[in-house]
There are 2 protein chains.
Amino acid sequence: MEFNLVNAAESQIHATGGRMTTQRRMILQALIECADHPTAEEIYQKVREKNPALNLSTVYRTLRWLEEHGLVNARRFDDDPRLERFDPVVEQGEDHFHFRCKKCNQITEFDTPLIEVVKTQFVDCFGGKVENATLVFYGLCAECLNLT
Amino acid sequence: MEFNLVNAAESQIHATGGRMTTQRRMILQALIECADHPTAEEIYQKVREKNPALNLSTVYRTLRWLEEHGLVNARRFDDDPRLERFDPVVEQGEDHFHFRCKKCNQITEFDTPLIEVVKTQFVDCFGGKVENATLVFYGLCAECLNLT
DNA sequence: GTGACTATTGCAAATAATTTGCAATAAATT
DNA sequence: AATTTATTGCAAATTATTTGCAATAGTCAC
């Protein structure tokens, strides 16, 4: 019913002559459990609790691999642009957008049909072809706004 | 008539007890001439043609300073996220959005009132407050599309 | 203009996130 | 169980950006 990252990864790996290792399994698991756009370091720490032998470069290599195979998106946010954050793909081919709270850094995902309209307007005006879009809102989430 | 980066910078600098130096003048000039979202390195090279003594860290410091004073925006694009690009502010307080061609890397700026609508929809749905927005389209510009 | 004050610069070294080379390890295949 | 080679761990490299500090050069008061 729902797109399953672990299964998708497993078939991709085998389809390309790759191997499903303990490390990859644990990294995938952590990615799903974190859910909230973790950094490589965060995933590393999480997996390390169970498997202290894991190396950070393995985390990076696995995330890159997942990214290249369309199973994970890498994102950076303007208020913390040095840190790459990783976002498992939930439904293939579907864009979604982000709101980031400037205070608590929590990320909210949302969707809107209007971006398609903007794409069309853009192409009508400038020509060319729009393949994908990144939209990020920055502000205060409901909770942080109430604390003000 | 048009917002003038050099003048704005000059008054900001003096207003905060700063000094207008040769380097700052040249960096501002290069920023205006480049126009197309240069990197620190690109500005550095451009200024160096006239003033080979300039140091890259001066470029970074100046750009940071301009950014902190709202005269320049720093941006990163998903297809080249390690590189910060700098975008002089043309009209204060106005958001604008970007299209980046995946082939020639050219950046096109555009604007749309629909983002305000999306912001409103977001707040209606999730609460909180949206302060600013980044929207980037990636695809092929008219020219590169025709070459296909 | 001249000198004094201190912001700014150049330089070199430090950071920090991410990548890479290589020998050791461990999945998969027979 | 043995073989093959993809993957790992480790340490070192890379790259963009930042920082400390002594030297330089704007600016202001005279």
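Here is the naming used below: chain letters follow the sequence lines, and residue numbers restart at 1 for every chain.
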Exercise. If you take atom types as modelled and just measure distance, does the side chain of B/Arg24 reach the base of C/dT8 with a donor-acceptor pair under 3.5 Å?
Worked result: no
Exercise. A/Thr21 side chain: which of D/dT27, D/dT17, D/dT8 is closest?
Worked result: D/dT8
For this session: Would you indicate, yes or no, if D/dT18 has its OP1 or OP2 atom less than 4.0 angstrom from a side-chain nitrogen or oxygen of B/Arg64?
Result: yes
Exercise. Quick one: is C/dA26 close enough that its OP1 or OP2 comes under 4.0 Å of any side-chain N or O from A/Thr22?
Worked result: no
Exercise. To the nearest angstrom, how far is B/Gln45 atom CD from D/dA16 atom C1'?
Worked result: 15 Å
For this session: Would you kindly check whether a donor in the side chain of A/Arg61 faces an acceptor in the base of D/dT8, or vice versa, at under 3.5 angstrom?
Result: no
Exercise. How long is the line joining CG of A/Leu54 and C1' of D/dG9, in whole Å?
Worked result: 9 Å
Exercise. Taking atom P of D/dA16 as reference, at what distance in whole Å does atom OH of B/Tyr60 sit?
Worked result: 7 Å
Exercise. Taking the side chain of B/His14 as heavy atoms from C-beta outward, which of C/dA28, D/dT27, C/dG10 is closest to it?
Worked result: D/dT27
Exercise. For A/Asn55 and D/dT8, is the shortest distance between a side-chain N/O and OP1 or OP2 below 4.0 Å?
Worked result: no
For this session: May I ask you to say whether A/Arg100 pairs ionically with A/Asp79, meaning some side-chain N is under 4.0 Å from a carboxylate O?
Result: yes
For this session: May I ask you to evaluate whether A/Gln23 reaches the phosphate of C/dT25, defined as a side-chain N or O under 4.0 Å from OP1 or OP2?
Result: no
For this session: Would you mind telling me which residue lines up with the more 5' stretch of DNA chain D, B/Arg85 or A/Arg48, judged by nearest nucleotide?
Result: A/Arg48
Exercise. Should B/Thr39 and B/Glu84 count as side-chain neighbours, where that means a heavy-atom distance under 4.5 Å?
Worked result: no
For this session: Nearest whole angstrom, please: distance from the P of C/dA17 to the CG of A/Leu56.
Result: 10 Å
Problem set entry | Out of D/dT17, D/dA25, D/dT4, whichever nucleotide has its closest atom nearest the side chain of A/Arg19 | D/dT4
Exercise. To the nearest angstrom, how far is B/Met20 atom CE from C/dT8 atom C1'?
Worked result: 13 Å
Problem set entry | Closest non-hydrogen atom pair between A/Arg25 and A/Met20, with its separation | NH1-CG, 3.2 Å
For this session: Rounded off to whole Å, could you give me the CZ-to-P distance for the B/Phe86 and D/dA16 pair?
Result: 12 Å
Exercise. Going through the distances and angles, do B/Phe97 and A/Phe122 end up as a ring pair (Phe, Tyr, Trp, His ring centres under 6.0 Å)?
Worked result: CA-CA 11 Å; B/Phe97 311 111; A/Phe122 178 86; over 10 Å; no
Problem set entry | Atom-to-atom span, CE of A/Met26 to C1' of C/dA26 - whole angstrom | 16 Å
For this session: Side chain of A/Thr62 only, please: which of D/dT8, C/dT8, C/dG10 is the nearest?
Result: D/dT8
For this session: Anything under 30° is parallel, anything over 60° is perpendicular, the rest tilted; go ahead and classify B/His37 against B/Phe77.
Result: perpendicular
Problem set entry | Toward the 5' end of DNA chain D, by each residue's nearest nucleotide, B/Glu84 or A/Ile13 | A/Ile13
For this session: To the nearest 0.5 angstrom, please state how far the CG atom of A/Leu56 sits from the CD atom of A/Gln45.
Result: 8.5 Å
Exercise. Rounded to whole angstrom units, what separation is found between the CZ atom of B/Phe77 and the P atom of D/dA16?
Worked result: 17 Å
Exercise. Under 4.0 Å between a side-chain N/O of A/Thr58 and OP1 or OP2 of D/dG9, yes or no?
Worked result: yes
